[in-house]
Amino acid sequence: MKVKLSEIVNAIEMADQYSEYFLDCQTGEIVWISDMAMTSGEKEKAYDQLDEHGFYRLPTSFDIREYDMMQEFVDSLSEPARSQLENAICGKGAFRRFKNTIRQLGIDEQWYRFQAFEYRMKAIEWCCENNLEYE
C-alpha cells in the first residue's frame, strides 16, 4: 500500500495526549480516535473497524516529544537567541514562553520551518519502520 506522506504528517502534527491516529490497513484511511471528542460508542465503532481491517498506529504526541524538538532547535541557534530560548524552555510554562520568545526574536518562521521538517522526517521514518511506500 502506498500512503500519502502529507496525511501522515498532518496526523502526527495533530496528535495530542487525548487522541490517537491509526492507518487502516485495508483502506489506507487515517482514523482519528479521541477521548475528548468522541462518545464511547463512536470510539468502539472506530476500534472495531480497525480490528477488522488491521491497522498501523501512528506516532503519538508522547512519541514525537516536541520538547526535544524545541531543544534541538535551540541548540541550532547562535547567541544571543540560544541563551534566551534556553532560559525560556526551563520549567513550567516552557511551551508558552518558547512561543513568546521566538516571536520576540523574530525567528518564529524559522522555528515553523524547522518543526515542519522534523515532522516530515518522523513521518518518513515511521513509514520506513512499517515498510510502507509513500508519495
Side-chain angles (χ1 to χ4, degrees):
M1 169 185 355
K2 204 172 221 180
V3 298
K4 290 187 178 184
L5 191 63
S6 61
E7 291 179 4
I8 303 297
V9 170
N10 287 340
I12 291 172
E13 288 177 341
M14 298 299 293
D16 62 27
Q17 62 185 343
Y18 305 108
S19 63
E20 290 185 285
Y21 289 85
F22 300 87
L23 178 70
D24 184 311
C25 289
Q26 184 176 351
T27 66
E29 173 188 6
I30 304 267
V31 177
W32 173 65
I33 299 178
S34 171
D35 288 339
M36 299 296 283
M38 299 172 86
T39 66
S40 59
E42 290 170 326
K43 288 191 297 189
E44 186 176 322
K45 183 178 177 184
Y47 280 122
D48 286 346
Q49 173 190 339
L50 291 170
D51 287 340
E52 181 180 317
H53 296 169
F55 61 90
Y56 295 97
R57 181 176 167 264
L58 274 74
T60 66
S61 60
F62 299 107
D63 299 324
I64 299 301
R65 299 186 320 265
E66 192 164 356
Y67 182 85
D68 292 346
M69 197 183 298
M70 290 183 341
Q71 183 65 60
E72 288 177 36
F73 177 72
V74 171
D75 291 344
S76 73
L77 298 172
S78 56
E79 294 298 341
R82 180 186 309 190
S83 293
Q84 290 177 344
L85 280 169
E86 281 176 348
N87 291 331
I89 64 173
C90 291
K92 189 174 182 172
F95 287 91
R96 178 183 45 78
R97 283 192 311 277
F98 176 82
K99 294 217 176 182
N100 289 342
T101 305
I102 61 171
R103 277 190 217 106
Q104 290 170 353
L105 294 170
I107 59 172
D108 46 333
E109 287 303 317
Q110 184 180 346
W111 159 247
Y112 292 121
R113 282 190 306 273
F114 179 89
Q115 184 183 42
F117 176 80
E118 290 296 313
Y119 278 127
R120 180 177 167 77
M121 295 310 296
K122 288 179 186 305
I124 289 170
E125 181 181 314
W126 180 84
C127 288
C128 291
E129 287 172 357
N130 289 285
N131 299 314
L132 295 170
E133 291 183 54
Y134 57 88
E135 56 186 1

TODO: Tell me whether the centres of the aromatic rings in F98 and W111 are closer together than 6.0 Å.
DONE: yes
TODO: Check R57 against W126 and note the closest heavy-atom contact, atom names and distance.
DONE: O-NE1, 3.1 Å
Open item on the list: Are E118 and E72 packed together at the side-chain level, in the sense that at least one heavy-atom pair is separated by less than 4.5 angstrom?
Closed with: yes
Open item on the list: Just checking Y112: does its OH atom have more than 12 heavy atoms from other residues, nucleotides or ligands closer to it than 6.0 angstrom?
Closed with: yes
TODO: Run through L105, L77, I102 and flag the one making a side chain to side chain contact (heavy atoms under 4.5 Å, CB included) with Q110.
DONE: L77
- [ ] Begin with the C-alpha distance, continue with both residues' side-chain angles, and end with the deciding distance and a verdict on side-chain contact (heavy atoms from CB on, under 4.5 Å) for Q115 and E66.
- [x] CA-CA 9 Å; Q115 184 183 42; E66 192 164 356; 2.6 Å; yes
Task: Side-chain donor/acceptor of Y67 to backbone N/O of I89, under 3.5 Å - done: yes
Task: Any side-chain donor near an acceptor of the partner, Q84 and E79, under 3.5 Å - done: no
Task: Rounded distance [0.5 Å steps], CG in D108 versus OG1 in T101 - done: 11.5 Å
Open item on the list: Nearest 0.5 angstrom please: N10 CG to W32 CH2, how far?
Closed with: 14.5 Å
Task: Distance in Å, R103 CZ paired with E109 CD, rounded so as to fall on 0.5 Å steps - done: 11.0 Å
Open item on the list: Distance check, rounded to the nearest 0.5 Å: L58 atom CG versus I64 atom CD1?
Closed with: 9.0 Å
Task: Atom NZ of K43: over 12 foreign heavy atoms under 6.0 Å - done: yes
Task: F22 vs I30, side-chain contact (heavy atoms from CB on, under 4.5 Å): CA-CA, chis, key distance, verdict - done: CA-CA 6 Å; F22 300 87; I30 304 267; over 6 Å; no
Open item on the list: Ignoring hydrogens, what is the shortest heavy-atom contact between M38 and E42? Give both atom names and the distance.
Closed with: CA-OE1, 3.2 Å
Open item on the list: With a 3.5 Å distance limit and no angle check, can you tell me whether D63 reaches the backbone of T60 through a side-chain donor-acceptor pair?
Closed with: yes
- [ ] With side-chain contact (heavy atoms from CB on, under 4.5 Å) as the test, would you mind laying out the steps for L5 and R120 before giving the verdict?
- [x] CA-CA 8 Å; L5 191 63; R120 180 177 167 77; 3.1 Å; yes
Open item on the list: Testing the basics here: between R82 and D75, what is the closest heavy-atom pair and its distance to 0.1 Å?
Closed with: NH2-O, 3.5 Å
- [ ] Given side-chain contact (heavy atoms from CB on, under 4.5 Å), test I8 with Y134 step by step and report yes or no.
- [x] CA-CA 9 Å; I8 303 297; Y134 57 88; over 6 Å; no
Task: Side chains of R65 and K122 in contact at under 4.5 Å (non-hydrogen atoms) - done: no
TODO: Could you tell me the separation between the SG atom of C127 and the NZ atom of K4, rounded to the nearest 0.5 Å?
DONE: 13.5 Å
Open item on the list: Applying a strict under-4.5 Å side-chain criterion to I, L, V, M, F, W and Y, I'd like to know whether Y18 and F95 cluster together.
Closed with: no
Task: Least distance between heavy atoms, Q17 atom then S61 atom - done: N-OG, 3.6 Å
Open item on the list: Measuring only between side-chain heavy atoms, which start at C-beta, is V3 closer than 4.5 Å to E7?
Closed with: no
- [ ] Please report the closest heavy-atom contact between F73 and L85, naming both atoms and the distance.
- [x] CE2-CD1, 4.2 Å
Open item on the list: Taking atom CZ as the centre, does R97 end up with more than 12 heavy-atom neighbours from other residues, nucleotides or ligands that are less than 6.0 angstrom away?
Closed with: yes
- [ ] For F55 and C25, work out which heavy atoms get closest and say how close.
- [x] N-SG, 3.3 Å
Open item on the list: If we ignore hydrogens and angles and just use 3.5 Å, is the side chain of N130 paired with the main-chain N or O of L132 as donor and acceptor?
Closed with: no
Task: Nearest-0.5 Å distance, CD1 of residue I12 to CD of residue E125 - done: 9.5 Å
